[in-house]
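Given the structure is predicted, the values throughout are model-derived calculations rather than measurements.
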Amino acid sequence: MKAQDLKLDSTNIDVIIKDMTLEEKLNLLVGSQGNVDTDATAAVGNSSTLVPGAAGQLNGIRRLGVPYVVMGDGPAGVRIAPTRKSIDKTFYCTHFPVELAMSATWNTELVKSVGIAMGNEAKHYGIDILLAPAANIHRNPLNGRNFEYYSEDPLLSGKMATAEINGIQSQGIGTSLKHLALNNQETNRTNNDVRGGLRTFREIYLKPFEIAVKESQPWTVMTAYNRINGVYASESKDLLTDILRKEWGFKGVVVTDWYGGQYATNQMIAGNDLLMPGKASQVEEIKASISNGKLPMEIIDRNVKNVLECVVKTRSFKGLTADNNPDLRTHAILTRNAAVEGMVLLKNRDASLPLKAEVKDLAVFGRTSYDFIAGGTGSGDVNHAYVVSLIEGLKNAGFSIDSEVQKVYEAYMKVMDKKYNKRNRMAFLPKDLIPEMELDSLDLNTIAENNDAAVITIGKTSGEFMDRKIEDNYNLVEPEKELIKKVSEAFHKKGKKVTVILNVCGVVETNSWIEYPDAVLVAWLPGQEGGNSVADLLTGKETPSGRLPMSWPVNYNDVPSKDDFPTPELVSKEDWVKTLVGFMDERTTGNRKNFDVTTYNEGIYVGYRYYTTENVPVSFPFGYGLSYTSFSYDKPCVIKESNGDIKVTVSVQNTGDVAGKEVVQVYVSAPGKDMDKPVRELKAFTKTRKLNPSEKETVTLVIPYESLASFNEKENCWQVEEGEYKVLIARDAMDSNPLMMEIMQKGVVTEKVRSYLLSR
């Protein structure tokens with residue numbers, strides 16, 4: 001074959017690499033902005049020319065038949081620009097519930113179906129790879145991107161990520177599992193050095209990635225911005241070659257987060273194949289390192305091969321054209337149902353919900369009721385066609401909304417929007433929400449007299465680049481508490497019920513105000529159909545089945561990592577701005593606690609592992625959630641298979657009056673003789689189908705033997721200790737009366753590894 005006839009296919013990648021020039025190889029390894037000279041340290045991607053608003057793209061090589069490949073953000077739906085020059089059409093995408101809300105469904109099949117829809121929209125819009133899902137752990141409730149992550153538990157996180165990846169990739173669209181690893185704070189995220197022990201990293205923070213890689217093989221994995229024990233994640237051979245590829249068997253491309261890392265040469269050597277979105281300085285550095293012998297061509301060719309093996313799987317390589325016409329109407333139904341299943345009922349005094357049939361007239365309070373929050377900001381945002389507010393959802397469900405209350409709120413918000421829009425000009429940053437309205441202009445006694453019930457919405461949002469503040473984001477501010485208290489008192493005097501809807505990005509403090517309302521429903525950031533989804537639950541059209549994917553502490557001082565996490569209120573504006581822009585050619589190290597260096601002193605005791613082991617009370621435990629119906633469990637059958645796997649079979653019956661779904665949670669309590677162990681750890685879960693009253697379903701869950709292993713730092717191995725294991729079927733992580741069985745297990749080293757990720 002003549003050189004000019006040589007074209008890429010899946011069988012000739014090695015031949016193609018031999019024919020490529022160095023310039024062509026570097027164009028493939030350094031993204032499409034490789035000709036841009038910048039010192040940027042981080043960015044929300046917006047650099048694609050083929051699909052405006054997409055995160056970025058890989059360079060094509062026309063003479064060799066290598067196409068441009070488009071990457072788009074996608075944790076809650078495809079993020080592209082809704083408008084394009086000279087085109088009279090909008091390019092909207094479905095805004096699905098955020099990952100946190102999807103995790104609260106505890107339903108992997110549902111998450112997979114959402115992934116299928118996201119992959120389908122990506123295909124229609126010309127996206128080859130979605131930069132999703134994100135599997136970082138909820139180490140601390142203040143993390144600004146917790147909404148974009150699944151859970152505090154590695155098993156739940158890993159299984160949810162696996163489901164989403166399998167759904168998206170079933171459509172021929174690649175995924176990018178992110179951010180590997182330990183990207184658990186936004187404050188100074190591009191320069192922060194995470195320090196901790198290998199057991200902590202292995203058991204908690206790497207485990208969801210390990211599960212997802214082994215069970216779904218994402219096309220790409222995205223590295224985190226931060227350092228790990230002194231080494232940037234994107235420059236860590238320990239992480240990217242030895243653990244990710246050799247131990248876990250990853251076959252795809254490793255890509256940086258946008259402008260992540262420091263030295264391109266180190267990234268190439270470590271196994272970070274693709275540098276996005278690409279800088280001119282990276283190309284020059286790599287050339288110099290090749291010339292002086294620091295960077296062997298074998299490594300360049302290895303990385304190029306990884307990229308090309310991914311390229312040949314893409315829709316662009318297969319010549320599929322974008323018709324820009326996804327089925328948004330069908331996907332709107334899916335997102336509505338998905339949001340319903342992830343909402344969590346925290347309180348329901350005297351069966352206040354669902355609202356009784358005689359309840360027709362509602363007084364609706366809270367500025368967020370009129371401006372519902374669909375999702376967070378940053379790369380996890382979606383340009384949606386609409387958001388159904390709570391007011392709209394309630395009206396769609398047939399309720400009459402108090403017009404006087406509505407007029408007062410809308411007039412207030414119109415005035416305040418003008419003021420606060422001026423404060424929200426920096427693209428992608430978390431928005432300043434307008435403050436809650438004072439109630440002075442409302443006659444609550446008359447309003448309570450004229451309406452059948454009250455609904456109050458409290459809204460909190462967050463996003464990339466900064467963490468949540470304790471004083472006004474984690475805690476409710478005084479006007480919000482006063483709103484709940486005064487409305488509750490006024491309506492209770494008339495014998496009427498009050499429901500609080502939490503349209504929030506994560507955990508909020510509840511202990512100081514939850515006594516007042518009759519019911520509290522966590523709606524999270526539920527996507528574009530949020531108002532309809534809430535109405536489906538308030539009316540009883542659907543029964544709540546969501547469960548908390550994280551613990552809700554009584555107050556922030558109870559959080560185990562509180563002393564080893566940034567306090568956003570203490571970060572100066574000057575320091576914060578420096579973390580956003582390229583203010584230096586080389587990033588420097590420092591020793592400022594929780595800014596330059598964050599130490600994971602709590603070890604493996606994250607979330608419920610800490611609260612249960614130390615017997616610290618919480619407001620609501622991991623796995624908690626109420627229903628409109630009730631469920632009973634028959635005596636479980638627990639069998640130890642010949643390979644040590646534990647098979648748990650149990651029948652679940654709906655013993656209530658309405659149809660509903662139940663989440664079956666199986667925890668294990670280890671002997672704890674060889675090393676410290678949490679009191680209990682989640683080892684399996686499933687969700688029943690919708691069961692009608694008196695209907696029963698038998699479910700079987702398998703706990704693999706190797707999942708019982710803990711990481712022995714002294715011996716550098718995964719080890720199952722010998723002894724008696726308690727298998728617990730519990731309603732939540734702090735259930736004091738679980739169904740308990742005991743199983744004896746032999747002690748075995750399941751895997752021997754090297755001492756990777758040690759401090760440098």
Side-chain angles (χ1 to χ4, degrees), residues 31-33 36 43-60 62 67-96 114 116-132 168 171-173 277 314-336 370-389 392-393 396 414 417-418 421-422 424-429 431 527-532:
S32 61
Q33 286 192 26
V36 174
V44 172
N46 190 21
S47 61
S48 174
T49 57
L50 293 176
V51 181
Q57 62 194 44
L58 283 67
N59 291 317
R62 180 174 297 178
Y68 284 83
V69 172
V70 181
M71 292 180 159
D73 285 317
V78 182
R79 186 179 68 80
I80 59 175
T83 58
R84 299 177 187 177
K85 292 180 180 180
S86 305
I87 299 179
D88 185 21
K89 179 180 178 176
T90 51
F91 299 81
Y92 291 124
C93 299
T94 304
H95 201 154
F96 292 98
V114 170
I116 290 171
M118 290 168 59
N120 180 267
E121 289 191 19
K123 182 163 54 178
H124 279 283
Y125 278 132
I127 303 294
D128 294 288
I129 297 171
L130 276 179
L131 304 178
I168 294 170
Q171 300 300 294
I173 300 299
T314 63
R315 49 159 299 286
S316 289
F317 180 77
K318 295 173 182 177
L320 301 179
T321 57
D323 62 16
N324 297 312
N325 191 33
D327 189 355
L328 298 181
R329 186 168 298 179
T330 297
H331 294 169
I333 297 171
L334 175 60
T335 189
R336 176 174 178 166
Y370 301 86
D371 187 18
F372 221 55
I373 308 169
T377 58
S379 63
D381 201 1
V382 179
N383 290 311
H384 43 248
Y386 63 87
V387 175
V388 178
S389 71
E392 293 170 319
N396 292 340
K414 185 176 182 180
D417 275 342
K418 292 180 181 179
N421 280 341
K422 296 178 181 178
N424 290 320
R425 288 179 176 172
M426 295 183 72
F428 305 116
L429 294 181
K431 296 179 180 178
Q528 67 187 48
E529 286 281 332
N532 284 333

* Can you name the nearest heavy-atom pair linking Y68 to Q57, along with the distance? -> CD2-NE2, 3.6 Å

* **Nearest heavy atoms of L131 and P75, plus distance in Å** => O-CD, 3.8 Å

* Structure fact -> Here the gap from I168 atom CD1 to N120 atom CG, rounded to the nearest 0.5 Å, amounts to 11.5 Å

Using residues 318-325 as the side-chain source, report each donor-acceptor pair under 3.5 Å to any protein atom, sequence neighbours left out, with the distance given to one decimal.
from: D323; atom 1: OD1; to: H124; atom 2: ND1; distance (Å): 2.6
from: D323; atom 1: OD1; to: N325; atom 2: N; distance (Å): 2.9
from: D323; atom 1: OD2; to: H124; atom 2: ND1; distance (Å): 3.1

* Please identify each residue that fulfils side-chain hydrogen bond (donor to acceptor under 3.5 Å, both in side chains) with S316, with sequence neighbours left out. => D128

* Over all heavy atoms of both residues, which pair between G77 and F96 is shortest? Give the atoms and the distance, please. => CA-CD1, 4.2 Å

* State, yes or no, whether a side-chain contact exists between R336 and V388 at a heavy-atom distance under 4.5 Å. => no

* Nearest non-hydrogen partners of V387 and G527, listed with the distance -> CG1-O, 4.5 Å

* To do: Flag the pair I116 / M118 as yes when at least one side-chain heavy-atom distance between them is below 4.5 Å, and no otherwise.
  => no

* Taking ring pair (Phe, Tyr, Trp, His ring centres under 6.0 Å) as the test, write out the residues that go with Y370, two or more places apart. => Y409

* To do: Please list all pairs passing the side-chain hydrogen bond (donor to acceptor under 3.5 Å, both in side chains) test where one or both residues lie in residues 81-95, with sequence neighbours left out.
  => T94-E121, H95-H384

* Shortest non-hydrogen separation from I127 to R315 and the atoms involved -> O-CD, 3.3 Å

* Check: N383 side chain, I80 main-chain N or O, donor-acceptor pair, under 3.5 Å -> yes

* **Qualifying residues under side-chain hydrogen bond (donor to acceptor under 3.5 Å, both in side chains), relative to E392, sequence neighbours excluded** => S389

* Only counting residues at least two apart or in another chain, list the ones meeting side-chain hydrogen bond (donor to acceptor under 3.5 Å, both in side chains) with E529. => Y386, N532

* Taking every non-hydrogen atom, the tightest pair across A117 and L334 -> CB-CD2, 3.7 Å

